[in-house]
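Here's the structure, in structure tokens; my notes come after.
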Amino acid sequence: MQELQNQITTYEAEIKSFSPANAIDLEAYRIRFLGTKGIVKQIFSEMKNVPVAQKKEAGQLLNAFKILAEERFEAFAHLQSTETDTKESLDISLPGVAIPLGTRHPLRMVENKIVSIFEKLGFSIATGPEVEDDWHNFTSLNMPENHTARDMQDTFYVASNPDWVLRTHTSSAQARVMERGELPVRVICPGRVYRNETISARAHCFFHQCEGLYVDKGVSFADLKQTLYYFVTEMFGAETKVRFRPSYFPFTEPSAEMDISCTVCGGSGCGLCKHTGWVEILGCGMVHPNMLRNFEIDPEIYTGFAFGMGVERITQIKYQVNDLRLYSQNDVRFLRQFQSIE
Ligand code: PHE
């Protein structure tokens, strides 16, 4: 009995001074004192050697010892549970969960690229409303009422007001810049435009344009050619060739359409260039004197060039997209293909 008493006193001192730093210390304590082969069990098994007369006293002693050992463990139980929780919820060696990335729309990427090329040349961005009045969309651009050139663009009219249209080109935004009367003008106008076309792979009732305008003293056709040539080499690569064909637009004189050497076959002939080696990319020309006069700019002093391109067309050439409808169907399988581009 005395010996049991001594053992308990020694262990009690150990228990009271036990102060674990972490779950590992605590677990070692649990095994040493409270485990199936631990000290508490072992001391309890000494009961059988205690004389009957002292059993009651020994039982109380042992119970108190057991409670002490258990309470000390409980006092540090938070160490154990925190450590376990952390292990379960945060395993930093696991591979991360992939968050699906969105992608810019291909038309937006190409528009950004076009705009940034012209920005490098000193053009600034100008925008305007998509619902336009007749003056900005047609009349001021040398297309007065009943001008046959209005038929070149199948127009959506706004039913509530015969003077309003959905703009058929972003030249209307250029008109708004010119009417500010600040010269020189050097703007690029990106935006959505509308035409009353039956939707098919090759036509849509809305599409996007980037149109440019430069008005200053002494602007020549050579400036136009060089500007557009720079654009083409930046957009499609230094080896790309350009050619200009005479054309007609009411707001430019002379007018031209610009082709580039086919970027797919390099000129030898393929489906994109319809075996001609050339693909048309934009319309352009020298700003018509009538248009300058409409904005009280003297065409004897100022000249300018203008050009307009379809963003869908540039995207089609650059990424071989063969169906215009893909751009507005929001099919992620189509859109995802452009994820890694920009
Ligand atoms: N605005 C014309 C169109 O939409 C394009 C263009 C712009 C042509 C400027 C010449 C000069 O078709």
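Numbering of ligands and ligand atoms starts at 1, following listing order.
Scanning for salt bridge (charged side-chain N to carboxylate O under 4.0 Å, His left out) contacts around Glu27 gives Arg30, with sequence neighbours left out.
Looking at Asn137, its side chain never comes within 3.5 Å of a backbone N or O of Asp133 through a donor-acceptor pair.
Neither the backbone nor the side chain of Ser255 has any atom closer than 4.0 Å to an atom of ligand 1 (non-hydrogen atoms only). Only the side chain of Ser171 comes within 4.0 Å of ligand 1, counting heavy atoms alone; its backbone N, CA, C and O stay farther away. Counting heavy atoms closer than 4.0 Å to ligand 1, residue Phe251 contributes side-chain atoms (C-beta onward) but none from N, CA, C or O. Contacts with ligand 1 closer than 4.0 Å are made by no heavy atom of Arg167, backbone or side chain.
The atoms of ligand 1 that sit less than 4.0 Å from any heavy atom of Ala306 are 9 (C), 11 (C). Listed by number with element, the atoms of ligand 1 under 4.0 angstrom from any heavy atom of Phe307 are 7 (C), 9 (C), 11 (C). Against a heavy-atom cut-off of under 4.0 Å, Phe249 is close to the following atoms of ligand 1: 8 (C), 10 (C).
The nearest non-hydrogen atom to atom 12 (O) of ligand 1, considering only Met309, Arg195, His169, comes from Arg195.
Aromatic ring pairs are classed by plane angle as parallel below 30°, tilted from 30° to 60° and perpendicular above 60°; the pair Phe334 and Phe338 is perpendicular.
For atom 1 (N) of ligand 1, the closest non-hydrogen atom of the protein is Glu211 OE2, 2.7 Å.
Considering NZ of Lys318 and CZ of Phe236, their distance stands at 6.5 Å, rounded to 0.5 Å. For the atom pair Met258 CE and Ile281 CD1, the distance stands at 3.5 Å (nearest 0.5 Å).
For residues 271-305, the pairs satisfying ring-ring contact (aromatic ring centres under 6.0 Å, His included) are Tyr214-Phe305, with sequence neighbours left out.
Of the listed residues (Phe251, Tyr194, Phe207), just one forms a ring pair (Phe, Tyr, Trp, His ring centres under 6.0 Å) with His169, and that residue is Phe251.
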